Amino acid sequence: MNAIILAAGRGNRMKNYTENSPKCLINFQGKALLEWQIEALRGAGIKRIAIVTGYRRELIASYGLIEFYNDKWAETEMVASLERGDQWLRSSPCIVSYSDIWYNKRIVHNLLTANGDIAIAYDPNWLRLWTARFGDPLLDAESFRLSPNGTLLEIGNKPSSVNEIEGQYMGLFKITPSGWNEIQIVRSNMSLQDRTNLQMTCTLQKVIEANRIPIHSVACHYKWAEFDSPTDLTCLGQ
């Protein structure tokens with residue numbers, strides 16, 4: 001099993017925190033987010049870790065990870081960045097991690113043993129965290145609905161009430177070569193511009209709508225954090 005960390009973007013919403021360095025190097029509780037991620041992935045037994053770089057890539061070089069460079073990082077979204085690891089994704093199952101999250105190695109362990117070609121980690125107790133971060137949790141939350149057997153029915157749409165949200169996607173998932181092939185099939189039916197601008201949750205929703213493979217879910221009952229704005233550093237315990 002390999003892992004790919006997506007760290008190409010700048011993270012403009014973090015303002016001065018990313019003025020001179022990538023978001024993955026933000027300090028949280030004494031370590032860069034990237035250090036926490038490497039520690040969790042290696043703690044779960046993953047030895048080969050790659051990182052998709054872009055903005056200020058030279059600052060990440062000292063971590064000794066395999067690099068996939070996205071030279072169009074300023075013009076592309078996350079799925080286009082993930083495609084830079086196409087060779088790995090076609091050859092072996094991978095854990096894929098956003099670079100702006102903090103999580104426990106135990107959720108990685110749970111993903112490693114999850115069923116299916118795509119399995120995503122989610123927080124079923126999302127409401128308390130989102131209320132602390134935003135006041136009104138609907139300001140930033142996305143729809144998230146599961147079937148009785150735990151497969152994903154809907155993700156990434158704008159909810160009108162918290163009743164449409166059974167959890168929140170964490171930005172951490174497992175994907176097999178077959179799962180990556182399905183994503184590529186979905187993307188192949190889109191224009192180049194749409195493929196370039198495609199967000200991850202929108203991609204997952206399109207996989208659901210294609211109805212060829214299920215997306216499985218893994219509930220996270222451990223502490224975790226996402227860093228989208230400077231206020232996250234305060235309300236999440238920096």
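Since the structure is predicted, the reported quantities are computational estimates derived from the model, not experimental observations.
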Leu111: which of Ile175, Ile120, Leu172 passes side chain to side chain contact (heavy atoms under 4.5 Å, CB included):
Leu172
For the pair Val52 and Ile4, evaluate side chain to side chain contact (heavy atoms under 4.5 Å, CB included) and give the outcome as yes or no after the intermediate values.
CA-CA 7 Å; Val52 182; Ile4 299 174; 3.8 Å; yes
Treating [X] as the side-chain partner and [Y] as the backbone partner, does any N or O pair qualify as donor plus acceptor under 3.5 Å?
| X | Y | value |
| --- | --- | --- |
| Glu166 | Leu146 | yes |
| Asp232 | Ser229 | yes |
| Ser92 | Trp88 | no |

Using only heavy-atom distances, determine whether the side chains of [X] and [Y] contain a donor-acceptor pair under 3.5 Å.
| X | Y | result |
| --- | --- | --- |
| Asn104 | Trp224 | no |
| Ser178 | Thr176 | no |
| Ser143 | Glu154 | yes |
| Gln37 | Ser97 | no |
| Asn70 | Thr76 | yes |

Keeping to residues at least two apart or across chains, list the ring-ring contact (aromatic ring centres under 6.0 Å, His included) pairs with something in residues 158-201.
Tyr98-Tyr169
SB check [X] [Y] (cutoff 4.0 Å):
| X | Y | value |
| --- | --- | --- |
| Lys23 | Asp228 | yes |
| Arg57 | Glu67 | yes |
| Asp71 | Arg84 | yes |
| Arg145 | Glu164 | no |

To check you understand the geometry: which heavy-atom pair defines the closest contact between [X] and [Y], and what is its length?
| X | Y | answer |
| --- | --- | --- |
| Leu112 | Ala44 | CD1-O, 3.5 Å |
| Asn197 | Glu77 | O-CG, 3.4 Å |
| Thr18 | Tyr55 | O-OH, 2.9 Å |

I would like to know whether Ile155 and Leu152 meet side chain to side chain contact (heavy atoms under 4.5 Å, CB included); could you show each step before the answer?
CA-CA 7 Å; Ile155 189 172; Leu152 195 59; 3.9 Å; yes
For [X], is the [atom1] atom crowded, meaning more than 12 foreign heavy atoms sit under 6.0 Å from it?
| X | atom1 | answer |
| --- | --- | --- |
| Gln193 | CD | no |
| Lys47 | NZ | no |
| Lys31 | NZ | yes |
| Gln87 | CD | no |

Is there a continuous path of hydrophobic side-chain contacts, each under 4.5 Å between heavy atoms, that joins Ile60 to Tyr69?
no
Trace of the ring pair (Phe, Tyr, Trp, His ring centres under 6.0 Å) decision for Phe144 with Trp126:
CA-CA 11 Å; Phe144 190 96; Trp126 69 279; 9.7 Å; no
For a 4.5 angstrom cut-off between non-hydrogen side-chain atoms, does Ile118 reach Ile213?
yes
Where does the angle between the aromatic ring planes of Trp130 and Phe134 fall among parallel (under 30°), tilted (30 to 60°) and perpendicular (over 60°)?
tilted
Tell me if the centroids of the rings in Tyr222 and Tyr103 come within less than 6.0 Å of each other.
no
Apply side chain to side chain donor-acceptor pair (under 3.5 Å) to residues Glu83 and Gln184 and explain how you reach the verdict.
CA-CA 9 Å; Glu83 191 171 30; Gln184 293 294 68; 3.1 Å; yes
Step by step, would you call Arg128 with Asn125 a side chain to side chain contact (heavy atoms under 4.5 Å, CB included)?
CA-CA 7 Å; Arg128 182 171 60 179; Asn125 302 308; 5.8 Å; no
As a quick check of understanding, evaluate side chain to side chain contact (heavy atoms under 4.5 Å, CB included) for Tyr17 and Asn27, giving each step before the final call.
CA-CA 9 Å; Tyr17 285 94; Asn27 184 285; over 6 Å; no
